[in-house]
Structure formats: structure tokens, C-alpha cells
Amino acid sequence: MDVKSMKPSNVEVLYVKPFLKWVGGKKQLLHEFDKRMPLHIKGERVIKRYVEPFVGGGAMFFFLKRNYRVEESFLFDVNPELILSYQVVKRDCSALINVLLEMEEEHLSKDEKGRKENYYRIRDAYNLQMQGFDYEHYSKEWVERAAYIIFLNRTCFNGLFRQNKKGEFNVPFGRYKNPRVCNEENLIGVSKALDDTEIFCSDFTRSGSYIEEGSFVYFDPPYRPLNSTSNFTAYSKNGFDDVDQIKLADFFERMDDKGAYLMMSNSDPKNENPNDKFFDRLYRSYKIDSVPAKRNINCDGSKRGKLNELIITNYSLTS
């Protein structure tokens, strides 16, 4: 059999996509990532070990699951709410779907005023539930919380996930005509995609224990803000600053020493300051490409548009 023509063995996930809308999602850059995959992986369409230290919405993970045979994968993120959601979709998908369908039916039966009241009622319940919630030991309470997360994500303003310093979800109500809270088919596909995947709530450093020679690793850290008004790294209450970016660069180098194939995306500071060489210095030993992308999270609509983003790799893209 011609290995180049092989399709992923897990055909159930051929159309799967992220189940959460996530700020900084990489859907628009997937073709750029695919062009820069290691040559042997592109040729064989097989990834023996995939590690993602900042999974976020998982656009890259699901893309790889659709287009490559991923033999084993390890996903990490520091955000406990996000990881809880992944675990529930993986382990209790049917129960989650049942709860979401009930929530969707109730929400859509209301007029706009009623939907707004319903949204804030659920947001308050979600934030209140956080007090004393056990994120360490899986239980049926996780299903309800994951349903809250998905509901809020699908009905809040602009599909943001944002927490304040207390860890509370603080995004206002979004005015959608017919929000689809429960995409049943996709959730089932996501659950199947996660079957052979290990999921961890941890910062990126823990992923090092699972990265070995030949692993393919994609890093999608919270982007370095381009200016003081574009800072949107509040995916968790702790944020991600320049000190963290420097720690990540050191980690990248150590994983390079292991013989792993590494790819990273980040913002291009030269969009705002052509003389800003922050990433040029941090990743001077690696290949850095600047590619066009589109940002949609600026509160000023006139400032949304195409910007360049960086793709950094530690391997040659030519034979």
C-alpha cells in the first residue's frame, strides 16, 4: 500500500473541530502549519508521538487527527476549566450531550430579555460552583460544570474565555439569534479523537516528561501582547508575561536537545515596532517565519484586521 495515500485510521474524526471557541484559535493558520510539518511526517502521514503543552481550543490537535495518523498524543494546559471540559467530553460525552440539549432547548425558548437573564443566572451559578470545587477527582459534578462552560462559551460576547483575578468568568452576554449550544455530532467526534490521548492540567514544563526523540511538539502559548491595549492572555487568572516567554524559550531549547521536532506560534512584535527583536533574540538559533493572519479580538472594530504572526521551527523544511 502506498503510505502517502493512507487516511487516518480513526475515520470517525475526519470532520471533528474544536468544541470550544477560543481566543487566539489557530484555524486560519492551519495551512501554514501544515506546509511546515517535518518532511518525514508529511510524507508518511504518521505522527508517532504528539505533544501539545498549551492545548487551548485544540485547533492544531484536531487538524492533525483529521489529516494524519496520530499514534499517541499528550495534551496539557494550565487552565483547570479547560482541562475539565476535555476530560468530560472524553469520558462522559453522552451525559454531557443530554445536559447541553436541555440547556439549549430552555435557552432558545426564551425571548432576548429572558435569554439574557438565563445567561447571567448560569454565569452566576458557574462562578459560585467554583468555590470549593474539586478539580482533582473526577465526578458527575464535572459534567454539569463542563456543560456550564460550553453554554457560556457559546452564548457569551464574542466567544471569549476570560477570567478575572479571582478566577471568575466575567464575559458579558452575547446577542446571538440562534446559538448552537450543543453540536452533538462534533462532541461525539471529539470524544473519539481523545480516546488515545492523555490530558493533563499543568503548565508547559510537565510536558517535558513526555517529549522524547522524534516527538512532534506544537507550542501555542498565550501570545505576547503587541501593545498595552491588546493584552489578552487572561485564559487563566495567572496570565503569561515576558518572564514566562523567556522560560518557554529555555524549555524549547532543552526539548530541541532531546531530538524532538518543535513548532511554535506567537505574535510578531514587529507589527507595532519594527525594531522589536524580542523573539529574534530568544529563538536566534531556529527558523522564524512571519506569516499573515487576522486578529478579531480588538474591542475597536476598526483595528481588527491582518497582522503577521510568527511560526518558529527547529528543523529544516527542505530535504
Side-chain angles (χ1 to χ4, degrees), residues 3-4 6-10 13 16 18 26 29-79 82-83 86-87 90 190 192-222 244-266 279 282-283 285-289 310-319:
V3 72
K4 292 184 179 181
M6 287 176 60
K7 294 183 179 180
S9 59
N10 44 345
V13 302
V16 72
K26 294 302 176 294
L29 286 177
L30 292 174
H31 68 289
E32 296 288 352
F33 297 155
D34 195 39
K35 282 165 33 177
R36 292 168 175 80
M37 292 292 288
L39 291 179
H40 70 286
I41 292 178
K42 277 187 75 72
E44 298 173 1
R45 311 305 293 177
V46 176
I47 301 173
K48 293 186 176 180
R49 173 169 289 212
Y50 176 68
V51 183
E52 189 163 348
F54 304 87
V55 67
M60 181 62 157
F61 169 72
F62 295 119
F63 172 81
L64 295 176
K65 278 285 189 171
R66 292 194 304 269
N67 293 280
Y68 294 81
R69 190 171 77 238
V70 183
E71 295 184 351
E72 57 179 353
S73 45
F74 304 85
L75 307 180
F76 299 79
D77 205 281
V78 74
N79 190 312
L82 180 70
I83 294 303
Y86 274 94
Q87 292 284 13
K90 177 181 178 178
V190 169
K192 291 180 183 296
L194 294 171
D195 271 346
D196 54 359
T197 301
E198 294 191 42
I199 309 164
F200 303 90
C201 184
S202 179
D203 74 358
F204 64 88
T205 59
R206 186 179 175 189
S207 68
S209 299
Y210 297 85
I211 297 171
E212 58 189 25
E213 183 177 3
S215 299
F216 177 64
V217 187
Y218 169 61
F219 296 88
D220 182 24
D244 295 304
Q245 296 284 1
I246 293 168
K247 289 179 181 177
L248 177 57
D250 177 68
F251 182 79
F252 190 97
E253 184 175 350
R254 286 187 279 121
M255 296 307 103
D256 178 37
D257 290 340
K258 282 190 172 187
Y261 295 90
L262 312 176
M263 178 186 291
M264 177 183 293
S265 54
N266 215 312
F279 289 116
L282 284 183
Y283 295 97
S285 301
Y286 306 106
K287 180 173 177 55
I288 304 175
D289 290 337
L310 301 179
I311 301 177
I312 302 167
T313 53
N314 74 328
Y315 49 84
S316 173
L317 299 178
T318 59
S319 56

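Since the structure is predicted, the reported quantities are computational estimates derived from the model, not experimental observations.
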**Message:** Walk me through whether D195 and K90 qualify under salt bridge (charged side-chain N to carboxylate O under 4.0 Å, His left out).
**Reply:** CA-CA 7 Å; D195 271 346; K90 177 181 178 178; over 6 Å; no

**Criterion side-chain contact (heavy atoms from CB on, under 4.5 Å) on E72 and D196, from CA distance to verdict** = CA-CA 6 Å; E72 57 179 353; D196 54 359; over 6 Å; no

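Checking side-chain atoms of K258 against main-chain N and O of G208 turns up a donor-acceptor pair under 3.5 Å. Although no hydrogens or angles enter the test, the distance criterion places no donor-acceptor pair under 3.5 Å between the side chain of K287 and the main chain of T313. A side-chain donor-acceptor contact under 3.5 Å links S316 to the backbone of T318. In this structure, D77 contributes its side chain and I83 its backbone to no donor-acceptor pair below 3.5 Å. The closest donor-acceptor contact from the side chain of R45 to the backbone of N67 lies under 3.5 Å.
With rounding to the nearest 0.5 Å, the separation of OH in Y283 from CD1 in I312 is 5.5 Å. Note that CG of L282 is 9.0 Å distant from CE of M264, once rounded to the nearest 0.5 Å. From H40, atom NE2 reaches atom CD1 of I47 across 8.5 Å, with rounding to the nearest 0.5 Å. Rounded to the nearest 0.5 angstrom, F279 CZ and N266 CG are separated by 3.5 Å. Once rounded to the nearest 0.5 Å, the distance linking CG of L30 with CE of M60 reads 7.0 Å. The CD1 atom of I211 sits 9.5 Å away from atom CZ of R254, with the distance rounded to the nearest 0.5 Å.
Nearest approach of Q245 to P221, heavy atoms of both residues: OE1-CG, 4.5 Å. Of all heavy-atom pairs spanning D220 and K26, the tightest one is OD1-NZ, 3.0 Å.
With sequence neighbours left out, the side chain to side chain donor-acceptor pair (under 3.5 Å) criterion links S73 to T197. By the side chain to side chain donor-acceptor pair (under 3.5 Å) test, Y286 pairs with D256, sequence neighbours left out. A search for side chain to side chain donor-acceptor pair (under 3.5 Å) contacts involving Q87 returns nothing, not counting sequence neighbours. Partners of Y315 under the side chain to side chain donor-acceptor pair (under 3.5 Å) rule, at least two apart in sequence or in another chain, do not exist in this structure.
Centroid-to-centroid, the aromatic rings of Y210 and F76 come within less than 6.0 Å. In this structure, F204 has its ring center no closer than 6.0 Å to that of F219. Y218 and F33 have their aromatic ring centers within a separation under 6.0 angstrom.
For K48, the NZ atom is loosely surrounded, since the number of other residues' heavy atoms within 6.0 Å does not exceed 12. The neighbour count for Y261 OH, taken as heavy atoms of other residues, nucleotides or ligands under 6.0 Å away, does not exceed 12.
Residue pairs meeting the salt bridge (Lys or Arg N to Asp or Glu O under 4.0 Å) criterion with at least one member in residues 30-41, sequence neighbours excluded, are E32-K35, E32-R36, D34-K42, R36-D289. Judged as a salt bridge (Lys or Arg N to Asp or Glu O under 4.0 Å), the pairs with a partner in residues 199-216 (not counting sequence neighbours) are, in order, R49-E212.
By the 4.5 Å heavy-atom criterion applied to side chains, P53 and V217 are counted as neighbours. Residues S215 and Y50 have side chains not in contact (no heavy-atom distance under 4.5 Å, counting atoms from C-beta outward). A 4.5 Å side-chain heavy-atom check between L75 and F200 finds every atom pair outside the cut-off. Annotation: side chain of F216 is not in contact with side chain of V51 (no heavy-atom distance under 4.5 Å). The side-chain heavy atoms of L194 and I199, taken from C-beta on, include a pair separated by under 4.5 Å.
Remark: the E253 side chain and the N314 side chain contain no N/O donor-acceptor pair separated by less than 3.5 Å.
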